[in-house]
Student: 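Before I ask anything, let me first share the structure, which is written out below as structure tokens.
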Amino acid sequence: MSADRIGSYAEALVAVVAAEGDLVAAEDELFAVAQALAGADELREVLADRRIPAARRQQIVEDLLGGQAAETTVALVSMVVGAGRGGDLVRIIEAAVERSAGLRKVAVAEVRSAVALSEHQQRRLAEALQRATGKDVTVKAVVDPAVMGGVVTRIGDEVIDGSVRTRINQLREAF
Amino acid sequence: MRSPNPPRRGLLARSRRYVLAGATVLAAGLWFGASPVAAAGESVGTCVLEKYNEHTYGGQTGSYAVKAAKADKEFGSTAAEENIVELEGKLEGCLESPNPILPETTEIIWGGIAFAVLLGLMQWKLFPAVKRSMDRRAEKIRGDLDAAETARTEALEVKASYEAELADARAEASRIIDAARADAEGVRADLIARAEAEAAELRQRSDLDVEAAKRQALSDLQSEVSAIVIGAAETVIGRNLDHDTQVQLIESYIDDVGSRN
């Protein structure tokens with residue numbers, strides 16, 4: 001799928017979310033959906049399989065997200081899957097989150113850690129990132145056991161890696 | 001090839017003819033001179049008849065005298081017997097030549113005429129035919145000799161050419177053998193040099209392989225050891241990363257990011 005088409009779908013999602021009002025909550029839910037799909041290869045393949053009827057794939061989305069996300073979020077994800085773009089759903093959501101944050105004049109910081117960050121830690125980290133980058137930052141925290149310990153932050157193309165996993169890898173390469 | 005002096009050969013042929021004619025004349029003279037009839041100068045019958053008619057006995061002549069002598073001899077007359085013996089002696093004398101060498105004149109004349117005629121005929125017909133035959137034969141022999149000489153010359157030329165070619169062939173063969181020997185020597189030297197180079201290259205490559213294998217083994221061993229050590233460290237670190245440590249790491253990370261400006 002071309003970048004223009006992904007951008008068009010992302011703009012459509014952002015427009016709907018903005019129209020509904022709670023932009024930050026919708027961003028968080030869409031980001032969580034994208035993170036869940038990124039770690040579920042089989043689910044992504046099913047949602048992208050055009051041999052499966054669109055109604056069936058949309059039903060799968062609604063069954064998974066129903067009751068756990070806002071109706072708007074479920075409807076948007078279901079819309080993308082029904083349009084046959086389930087294979088690009090993660091990229092569309094990431095682009096939508098970036099654009100939504102852009103509307104709010106903030107940068108999205110994807111923060112991965114082995115254990116969940118507390119609200120206090122997220123706020124302090126946002127402030128620290130703001131000082132480091134000079135931008136307003138919204139933190140999207142992801143629990144990733146592969147990090148082992150520490151934190152990995154990605155803001156756009158910039159990565160600030162303080163994970164134990166990376167240090168062990170560096171030690172392995174040094175040998 | 002023709003003789004350079006043909007007239008001299010004609011003179012010799014003529015001399016041979018004269019010698020042959022002389023020999024023929026001498027043989028004829030001897031033949032006629034040795035004949036008793038020729039020696040008497042008359043025929044034997046004439047001589048016998050003359051002696052018989054001149055014979056006398058008892059006053060009678062000729063056949064009467066012979067008959068009378070034979071009759072008296074039968075009656076034992078010695079004179080008659082002697083008379084008959086005398087007659088027989090005379091008759092036998094008719095059979096003997098008075099000159100064994102020189103014949104009678106008439107015989108010589110007739111013999112000479114006959115010889116001259118015979119010689120003329122031979123000179124006219126026989127000798128030219130014989131001469132032509134001998135000339136043809138001589139010409140043929142000369143031709144054969146010339147052909148033989150030509151063939152001999154050609155054979156000598158062919159032989160010389162053959163020997164020259166043979167010498168060339170031998171020289172060429174010798175040159176080819178020398179060249180082949182030189183080539184073989186060159187190939188041999190090249191093969192030896194190549195084999196030595198390959199052997200040296202093999203030794204060098206073998207040394208390099210051994211060295212590379214050694215380095216690879218050390219590297220593998222180091223990697224394996226490091227993997228074991230890192231794995232063990234990872235396990236130990238994973239076990240020691242309790243909640244407090246995680247919080248501490250996160251706080252440390254936040255402080256570190258906050259200190260970046």
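Letters A, B, ... are given to chains in the order of the sequence lines, protein chains preceding strands, and every chain is numbered from 1.
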Student: More than 12 heavy atoms of other residues, nucleotides or ligands under 6.0 Å from CD of E172(B): yes or no?
Tutor: yes
Student: Do other residues, nucleotides or ligands put more than 12 heavy atoms under 6.0 Å from R152(B) CZ?
Tutor: no
Student: Only heavy atoms, only distances under 4.5 angstrom. Which residues in residues 192-215 of chain B are near chain A?
Tutor: none
Student: Indicate yes or no for a side-chain donor-acceptor contact from Y253(B) to the backbone of I160(A) under 3.5 Å, with no hydrogens or angles considered.
Tutor: yes
Student: To the nearest 0.5 Å, what is the distance between CD1 (I168(A)) and CD1 (I230(B))?
Tutor: 7.5 Å
Student: Looking at every non-hydrogen atom in both residues, tell me the closest pair between A132(A) and V257(B) and how far apart they are.
Tutor: CB-O, 3.7 Å
Student: When rounded to the nearest 0.5 angstrom, what is the spacing between CD1 in I254(B) and CZ in R123(A)?
Tutor: 11.0 Å
Student: Which residues, numbered in order, of residues 133-150 of chain A come under 4.5 angstrom of chain B by heavy-atom distance?
Tutor: M148(A), G149(A), G150(A)
Student: What distance do E251(B) atom CD and L125(A) atom CG have between them, rounded to the nearest 0.5 Å?
Tutor: 10.0 Å
Student: Which atoms of D161(A) come close to chain B, meaning under 4.5 Å heavy atom to heavy atom: side chain ones, backbone ones, both, or neither?
Tutor: backbone
Student: Where on Q222(B) is there a heavy atom nearer than 4.5 Å to chain A: the side chain, the backbone, both, or neither?
Tutor: side chain
Student: Would you mind checking which part of V151(A) comes under 4.5 Å of any heavy atom in chain B, side chain (CB onward), backbone (N, CA, C, O), both or neither?
Tutor: both
Student: Taking atom CZ of R44(A) as the centre, report whether more than 12 heavy atoms of other residues, nucleotides or ligands fall under 6.0 Å from it.
Tutor: yes
Student: More than 12 non-hydrogen atoms from neighbouring residues, nucleotides or ligands closer than 6.0 Å to CD on E42(A), yes or no?
Tutor: no
Student: Report the distance from atom CD1 of I250(B) to atom OG of S118(A), rounding to the nearest 0.5 Å.
Tutor: 8.0 Å
Student: So how far is it from S226(B) OG to E173(A) CD, rounded to the nearest 0.5 Å?
Tutor: 11.5 Å
